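Values in this document were obtained by computation on a predicted structure and should not be read as measured data.
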Amino acid sequence: MPLVIERLDGRGGARRVTVAERSRGLAIGRRCKGEQPTMARALGYGFCAGRNRVGLAAAMWHINRAFEAYEVQHLRDSCDDELEPRVCIYHHIDLGRLPG
């Protein structure tokens, strides 16, 4: 399975979505992110929100920036696990600024 989705949060999102290591480099994360604005608009949302762990999710932060994500907060110790670094970028994507 190329995607690992951890615990749905009941509000239209997932706690963690990860591309399996053996499937990285196949543009799966980019294709999934490309569907997110369409789905969010269909549900009536005006923006998408997310977080990327500094360092560990650098590739995903790069993909989010391609979709005009902007940093809302940069927080330390905001993760509920023991992985380092424990720093996250919380971001929004304004759907009104994207084509489509």
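- Residue pairs meeting the salt bridge (charged side-chain N to carboxylate O under 4.0 Å, His left out) criterion with at least one member in residues 35-50: none, sequence neighbours excluded.
- Nearest heavy atom pair, residue Arg53 against residue Pro85, reads NE-O, 2.7 Å.
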Identify every side-chain donor-acceptor pair in residues 24-34 under 3.5 Å, counting partners at least two apart or on other chains, and give the distances.
unit_1	atom_1	unit_2	atom_2	d
Arg24	NE	Val19	O	2.8
Arg24	NH2	Val19	O	3.0
Arg31	NH1	Leu26	O	3.3
Lys33	NZ	Gln36	OE1	2.5
Lys33	NZ	Asn64	OD1	2.8

Show me the donor-acceptor pairs within less than 3.5 Å that the side chains of residues 92-100 make with the rest of the protein, sequence neighbours left out.
unit_1	atom_1	unit_2	atom_2	d
Asp94	OD1	Gly96	N	2.9
Arg97	NE	Glu68	OE1	3.4
Arg97	NH2	Glu68	OE1	3.3

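- Heavy-atom contacts from other residues, nucleotides or ligands closer than 6.0 Å to NE2 of His74 number more than 12.
- For Gln73, the side-chain contact (heavy atoms from CB on, under 4.5 Å) partners two or more places apart in sequence, or in a different chain, are Leu75, Tyr90.
- Taking Ile, Leu, Val, Met, Phe, Trp and Tyr as members and joining any whose side-chain heavy atoms lie under 4.5 Å apart, directly or through other members, the hydrophobic cluster of Ile89 also contains Val54, Trp61, Val87.
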